[in-house]
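Read the structure below first, then the notes.
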Amino acid sequence: MGPRTHPAPPRHQLSRRARRRRAHRPAPAGRLVGCGPPARPGRAAARRPPRRPPRRRDGRPIGGWTFLLALCAGAFTALSVSRHETLAPSLQAGLAAALVVFGLGLVLSAWLGRTGGGTVFLMVVTAVLLAGATALPDNITADWHRRTWTPTSLADVRPHYELGSGEGELDLTELPLKDGRTVRTSVEVGAGRLQVTLPQGVATRLHISLGLGDIQLPGDPPHDVDISAGGRERTVTLPAEGLKKGEKPRGALDLDLDLGAGQVAVQHAAPSPAKPTGPTGPTAPEEPTAPTRQGAP
């Protein structure tokens with residue numbers, strides 16, 4: 001004989017606690033309350049398919065190799081170009097080579113491996129640096145020099161002065177200008193400071209081209225620095241200084257000043273001290289010489 005099964009007791013024989021549990025039992029999903037037998041709590045959850053983990057791309061990571069190849073290609077290209085060109089073209093060539101390697105790495109990662117977000121970030125940084133390198137002056141150099149040009153005659157004046165990076169000074173105070181003669185010259189500095197000293201009694205025309213920096217002219221406050229960017233051109237005519245009333249200028253200067261980044265400072269030479277024109281004062285009497293013994297040599 002099989003095991004005996006006891007029928008469920010009628011509802012009026014259940015205890016108050018059992019009836020309260022049956023009344024507050026949640027209905028299964030997709031069924032109305034009171035329709036059909038109650039479902040087990042874990043039956044609806046068991047019907048849901050398990051979530052699959054995200055599929056990982058096959059292949060080895062090539063981001064590190066891409067970075068090393070880009071670094072080697074950029075350095076080798078920059079050093080090769082620097083033997084014949086200045087700093088700006090060398091930087092442009094090296095960064096362009098590194099950017100090409102990063103692009104090839106991203107393309108090859110679709111078949112040979114995978115790259116992460118670091119490769120994309122380095123590619124964006126390289127592109128930004130390349131855009132900045134294209135804005136550098138072509139004649140800028142990696143060495144910092146100090147040059148002073150002081151022509152003392154009209155034949156010593158060069159038609160063009162040039163400096164890559166550093167401080168350049170053009171001193172024209174000893175230039176012998178007379179009979180209204182005009183002297184033309186130009187100065188080009190890649191990055192740094194350019195100072196021009198003008199002689200007394202000479203009118204000057206300045207044509208200044210500045211990429212990034214400040215321009216100081218005679219009469220400007222020494223601590224007033226106004227940095228401008230995006231290219232700036234200015235043409236100024238300075239009158240002659242140190243002339244007496246009714247005296248005409250001894251000559252004229254026509255200067256073209258070109259600076260990529262830095263400061264252009266133009267000033268007049270200090271006036272020479274005036275020579276005394278009045279009568280000279282009394283001279284001191286000569287001291288008498290001591291008498292010599294007769295017959296002494």
Side-chain angles (χ1 to χ4, degrees), residues 86 88 135-141 144-274:
T86 56
L136 293 177
D138 293 337
N139 59 342
I140 190 173
T141 59
W144 190 268
H145 300 280
R146 292 185 178 181
R147 300 283 177 83
T148 301
W149 304 289
T150 310
T152 56
S153 63
L154 299 181
D156 293 341
V157 179
R158 305 178 191 174
H160 182 71
Y161 297 92
E162 186 175 359
L163 177 63
S165 301
E167 299 180 6
E169 180 181 358
L170 180 61
D171 190 358
L172 303 175
T173 55
E174 301 296 332
L175 197 62
L177 283 174
K178 57 183 179 179
D179 300 334
R181 187 168 182 177
T182 301
V183 176
R184 295 179 175 85
T185 186
S186 61
V187 185
E188 183 178 2
V189 178
R193 189 173 187 270
L194 174 59
Q195 180 176 347
V196 180
T197 305
L198 305 176
Q200 292 285 329
V202 176
T204 307
R205 176 186 173 275
L206 299 174
H207 180 72
I208 305 174
S209 299
L210 178 64
L212 173 66
D214 176 52
I215 299 176
Q216 289 283 338
L217 296 177
D220 294 345
H223 301 289
D224 185 11
V225 179
D226 184 14
I227 299 178
S228 61
R232 181 180 178 184
E233 293 189 2
R234 188 174 179 182
T235 302
V236 183
T237 301
L238 302 177
E241 289 190 359
L243 297 178
K244 299 180 181 179
K245 186 176 181 180
E247 187 179 1
K248 295 182 179 181
R250 297 185 290 107
L253 292 173
D254 192 352
L255 305 178
D256 290 337
L257 309 179
D258 189 358
L259 179 63
Q263 185 185 41
V264 178
V266 181
Q267 62 182 5
H268 282 98
S272 57

Who passes side-chain hydrogen bond (donor to acceptor under 3.5 Å, both in side chains) against [X], sequence neighbours left out?
X	value
T182	none
D220	none
D214	Q216, Q263
E169	none

ring-ring contact (aromatic ring centres under 6.0 Å, His included): which pairs involve [range], sequence neighbours left out?
range	result
residues 235-261	none
residues 176-206	none
residues 157-213	W149-Y161

### Message
Between L154 and L177, does the side chain to side chain contact (heavy atoms under 4.5 Å, CB included) criterion hold? Intermediate values first, please.
### Response
CA-CA 8 Å; L154 299 181; L177 283 174; 3.8 Å; yes
Measure the [atom1]-[atom2] distance between [X] and [Y] for me, rounded to the nearest 0.5 Å.
X	Y	atom1	atom2	answer
D156	T150	CG	OG1	10.5 Å
L198	T204	CG	OG1	4.0 Å
L175	R250	CG	CZ	8.5 Å

Scan [range] for pairs that pass salt bridge (charged side-chain N to carboxylate O under 4.0 Å, His left out), counting only residues two or more places apart or in two chains.
range	answer
residues 258-271	none
residues 191-200	none
residues 170-181	none

Mind listing the closest non-hydrogen atom pair of [X] and [Y] along with its distance?
X	Y	answer
P199	H268	O-CD2, 4.0 Å
P151	V157	CB-CG2, 3.9 Å
A240	G201	CB-C, 3.6 Å
A203	P249	N-CB, 4.4 Å
L210	G213	CD2-C, 3.4 Å

### Message
I'd like to know if the side chain of T173 reaches the main chain of T197, judged simply by a donor and an acceptor atom lying under 3.5 Å from each other, with no hydrogens or angles considered.
### Response
no
### Message
Given 3.5 Å as the limit, does a donor-acceptor pair link the side chain of Q200 with the main chain of A269, or not?
### Response
yes
### Query
Hey, which of L253, T235, L217 is the one that makes side chain to side chain contact (heavy atoms under 4.5 Å, CB included) with L206?
L217
### Query
Checking side chain to side chain contact (heavy atoms under 4.5 Å, CB included) against S186, which of D256, L255, L257 comes through?
D256
### Query
Does some side-chain heavy atom of L163 sit less than 4.5 Å from a side-chain heavy atom of H145?
yes
### Query
Any side-chain heavy-atom pair from P218 and V266 closer than 4.5 angstrom?
yes
### Task
Taking salt bridge (charged side-chain N to carboxylate O under 4.0 Å, His left out) as the test, write out the residues that go with D254, two or more places apart.
R184, R205
#### Entry: Those residues that, when tested against R146, pass salt bridge (charged side-chain N to carboxylate O under 4.0 Å, His left out) (two or more places apart)
E167
